[in-house]
Amino acid sequence: MNIRPRRRTGWLLGSLPLLLVAIVYLFASAARHAENPSDKLLPTPGAMVEAMHSLLAQADPLSGRLIFWADTVASLERLGVALGICALSALLVGMVLGVLPAARATFGAFVTTIAVIPPIALLPVLFIVFGLGDTAKVALIVIGVTPFLIRDLADHITAIPQEQLIKAQTLGASSWQLALRVALPQALPRLIAGIRLSLGPAWVYLISAEAIASDVGLGYRIFLVRRYLSMDIIIPYVAWISILAILMDVALAQLSKRAFAWAHGAGR
């Protein structure tokens with residue numbers, strides 16, 4: 001347990017499972033196509049490249065858009081807006097619940113109740129209330145992610161050592177100063193960490209909403225082509241969603257390390 005790989009060794013070890021999965025897939029795909037050249041379940045890399053070429057480089061005759069990039073932009077816009085709303089709402093409400101015991105006693109149970117409601121179950125209600133546009137999709141992500149962020153942030157602020165608060169009050173700090181100068185700096189890196197943990201559920205909510213009611217988006221395209229068993233499109237789309245999620249996670253991690261280096265001192 002005391003052996004810690006260096007950075008390059010860590011990257012190598014981390015890539016081994018992915019490489020193993022790719023090798024297993026290539027062998028399985030080759031075996032299935034040897035028995036049935038028209039097999040659709042495990043398409044070959046060449047078949048996926050050929051299927052994706054038209055989506056990547058050829059404009060759609062009806063809309064004039066490059067379908068793959070239009071899907072990507074639409075999904076990222078919805079996800080970005082939703083996560084922005086989640087972050088701002090969680091920071092505001094989480095700070096209030098964490099700093100003010102009276103607010104926590106009043107609204108803590110309400111936030112907990114909202115958090116345990118399955119967001120997907122509310123999707124029909126959201127479509128009825130907000131229509132079939134982007135608002136309902138954004139609202140689903142906000143409802144699914146924000147309560148978790150609020151609870152996590154409030155608990156983190158509540159756990160701030162009392163010594164810090166007592167010292168600040170001894171120096172004459174007011175409630176506002178305690179919130180802005182003691183609680184807020186410690187809440188921001190925790191908020192970024194919470195958003196990183198919420199990326200997976202956020203993508204699930206987005207894809208679910210796009211699959212039910214949308215005309216563009218990564219989730220919409222996956223569920224559109226599934227009726228034709230187009231695994232040569234579904235697999236690249238799923239891989240692309242995974243890559244986007246990883247890039248977002250890495251970007252948030254770097255933002256946290258650069259903006260709040262003191263919070264990552266133990267890991268350096």
Side-chain angles (χ1 to χ4, degrees), residues 76-119 122 135 137-206 245-268:
L76 289 179
E77 285 182 349
R78 294 161 182 159
L79 189 66
V81 171
L83 290 179
I85 296 174
C86 291
L88 292 176
S89 302
L91 184 61
L92 176 61
V93 180
M95 285 284 295
V96 172
L97 296 184
V99 173
L100 302 178
R104 185 163 60 253
T106 304
F107 298 102
F110 175 76
V111 173
T112 301
T113 302
I114 298 297
V116 299
I117 298 176
L122 298 176
T135 304
K137 302 174 183 63
V138 171
L140 177 66
I141 299 173
V142 171
I143 292 174
V145 172
T146 304
F148 162 76
L149 293 178
I150 291 174
R151 294 178 66 188
D152 182 67
L153 204 61
D155 290 342
H156 182 70
I157 295 174
T158 304
I160 292 176
Q162 287 296 315
E163 292 82 358
Q164 296 184 19
L165 303 179
I166 293 174
K167 288 179 181 179
Q169 289 176 314
T170 302
L171 295 174
S174 63
S175 296
W176 276 106
Q177 289 173 322
L178 285 174
L180 296 178
R181 297 189 179 184
V182 179
L184 181 60
Q186 300 184 59
L188 290 176
R190 183 72 175 195
L191 177 62
I192 295 177
I195 295 175
R196 292 179 62 193
L197 292 174
S198 302
L199 286 177
W203 274 106
V204 171
Y205 302 143
L206 175 64
I246 292 172
L247 292 176
M248 293 173 68
D249 181 74
V250 171
L252 288 171
Q254 291 300 316
L255 172 63
S256 182
K257 289 180 180 179
R258 291 174 182 249
F260 310 103
W262 54 266
H264 303 271
R268 290 185 296 179

For [X] against [Y], the heavy-atom pair lying closest together:
{"X": "G144", "Y": "P119", "result": "CA-CG, 3.5 Å"}
{"X": "Y205", "Y": "L140", "result": "O-CD2, 3.3 Å"}
{"X": "I85", "Y": "V138", "result": "CD1-CG1, 4.0 Å"}
{"X": "A202", "Y": "L83", "result": "CB-CD2, 4.2 Å"}
{"X": "I141", "Y": "C86", "result": "O-SG, 3.9 Å"}
{"X": "W262", "Y": "P189", "result": "CH2-CG, 4.0 Å"}

Value rounded to 0.5 Å, distance of [atom1] in [X] from [atom2] in [Y]:
{"X": "L76", "Y": "L206", "atom1": "CG", "atom2": "CG", "answer": "9.0 Å"}
{"X": "L252", "Y": "L199", "atom1": "CG", "atom2": "CG", "answer": "6.0 Å"}
{"X": "L79", "Y": "K137", "atom1": "CG", "atom2": "NZ", "answer": "13.5 Å"}
{"X": "I192", "Y": "L255", "atom1": "CD1", "atom2": "CG", "answer": "4.5 Å"}
{"X": "L191", "Y": "L184", "atom1": "CG", "atom2": "CG", "answer": "9.5 Å"}

Identify all side-chain donor-acceptor contacts of residues 157-172 below 3.5 Å with residues at least two apart in sequence or on another chain.
| unit_1 | atom_1 | unit_2 | atom_2 | d |
| --- | --- | --- | --- | --- |
| T158 | OG1 | A154 | O | 2.7 |
| Q164 | OE1 | Q186 | NE2 | 2.7 |
| T170 | OG1 | I166 | O | 2.7 |

Are the side chain of Q254 and the backbone N or O of A251 linked by a donor-acceptor pair below 3.5 Å? no
Distance-only donor-acceptor pairs under 3.5 Å for side chains of residues 90-110, two or more places apart:
| unit_1 | atom_1 | unit_2 | atom_2 | d |
| --- | --- | --- | --- | --- |
| R104 | NH1 | L97 | O | 2.6 |
| R104 | NH1 | G98 | O | 3.2 |
| T106 | OG1 | A102 | O | 2.8 |

